[in-house]
Amino acid sequence: MKQKWSQEELTCLLAQSDEAFLPVLEAANRVCEANFGKEVKVRALLEFSNHCKRQCRYCGLNCRNRKLARFRMEPEQIVETAVEAADCGYQTIVLQSGEDSFYSVEMLGELVKAIKAARPKLAVTLSCGEFKAADYRYFKECGADRYLLKHETSDETLYQELHPDSDFGQRLACQKAIKAAGLETGGGFMIGLPHQTLAGIAKDLLTVASIPCDMAGVGPFLPHPDTELGNEPHGSATLTIRAVALLRLLLPKANLPATTALGVLDAAQKDKIFCCGANVIMQKVTPSDYKKLYQIYPAEFKSLSITEGRRQVEEEIRRLGRIPV
Ligand code: 5AD
């Protein structure tokens, strides 16, 4: 199957019947297994602050959501949790937050340094929003390995509507700066945003490939009741799977997570995703009291210890005939 498509060709592929699309899913599985075997990488996700200065209309953490109780973890607690995750077998921790100016660039750098000093082998990924190019270079100097910043949608008009305080050009510039800083670059986008089109999703796929992203998360939009988009329909699980499969063919070696949002929408589809190109899963290690406040979209979260969460996710992966690493 060819791996270079135009936006028009990708749009047609996305619009196909289930039957016609099946060869794409199969090809994505073959490419995924050729690169990663049956292995699924399990990564720890620590959500350390739900404060956010942005107004992104789809996100439950946006600063206009006054209903949400806000929390911030102390730097010491963040480091302790990362160490605990490493000692439970995680090889990567993703530190994620809203865009919270409380943590200065220096503080984030110090956090990375402290985690690296305590557990040198633990890969540290930051996911804290938009910064200046020099700041991404500084994170790299402090020992950060990766940075996640999704472009969310590449339809510029839609981007502007959804992000009143940012713009698409700036977003792409950030991703390019992350790449130029020598950080592994994580991107991605949502499926089913209001007014999104198949041509838009095709452009999203090409945008991820153009960076090119080393990792990319694609998840369905889930309406959050305390946002302006609370009454909009959710994104399609089938379309999400199609997008992941096409991304696998566009970027054979990229790390593609099965997003939590897909699992929230449809547990069966989440299982299917590992046969269609995904090779990564993120497991929350956020302390339980905070986990329920990190409400990007509505979801039920179990309160599990880090060890118990790790055990469950490994079991789930084995049940799907895959090997957790
Ligand atoms: N539904 C689904 N995904 C969402 N995100 C933010 N809000 C929503 C929502 N309502 C995703 C964005 C962001 C990531 C952390 O969560 O893609 O980058």
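Start at 1 and go down the list; that is how both ligands and their atoms are numbered. What you are looking at is a predicted structure, and each value in this text was computed from that prediction instead of being measured.
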Ion pair check, Arg311 and Glu315, cut-off under 4.0 Å: yes

Whether Arg57 and Glu161 form a salt bridge (side-chain N of Lys/Arg under 4.0 Å from carboxylate O of Asp/Glu) is what I want to check.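 Not counted as a salt bridge, because no side-chain N and carboxylate O are separated by less than 4.0 Å.
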
Considering both backbone and side-chain atoms of Leu222, is one of its nitrogen or oxygen atoms within less than 3.5 Å of a nitrogen or oxygen in ligand 1? yes

Quick one: sort the Phe131 and Tyr136 rings into parallel, tilted or perpendicular, breaks at 30° and 60°. perpendicular

Flag, side chain of Arg242 to backbone of Val24, donor-acceptor distance under 3.5 Å: no

Counting each atom of ligand 1 from 1 as listed, which ones have a heavy atom of [X] under 4.0 Å away?
X	result
Met190	2 (C), 3 (N), 4 (C), 5 (N), 8 (C), 12 (C), 17 (O)
Tyr58	6 (C), 7 (N), 8 (C), 9 (C), 10 (N)
Lys150	17 (O), 18 (O)
Cys59	7 (N)

Might you point out which heavy atoms bring Asp145 and Leu122 nearest each other, and give the distance in Å?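 What the structure gives for the nearest pair is OD2-O, 4.2 Å.
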
Return the CG to CG distance between Leu250 and Leu10, rounded to the nearest 0.5 Å.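 Here the rounded value is 6.0 Å.
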
Protein contact to atom 2 (C) of ligand 1 [nearest heavy atom, distance to 0.1 Å]: Pro220 O, 3.2 Å

Which residue and atom name correspond to the protein heavy atom nearest atom 18 (O) of ligand 1, and how close is it?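 The protein heavy atom lying closest is Glu152 OE2, 2.5 Å.
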
Go through it in stages, so that I can follow the logic: the residues are Glu130 and Arg54, the test is side chain to side chain contact (heavy atoms under 4.5 Å, CB included), and I'd like the CA-CA distance, side-chain angles, deciding distance and then a yes or no. CA-CA 10 Å; Glu130 294 184 8; Arg54 299 270 182 186; 3.3 Å; yes

Ser127: heavy atom below 4.0 Å from ligand 1, yes or no? no

Pick from Leu149, Ile296, Leu262: the one approaching atom 8 (C) of ligand 1 most closely through a non-hydrogen atom: Ile296

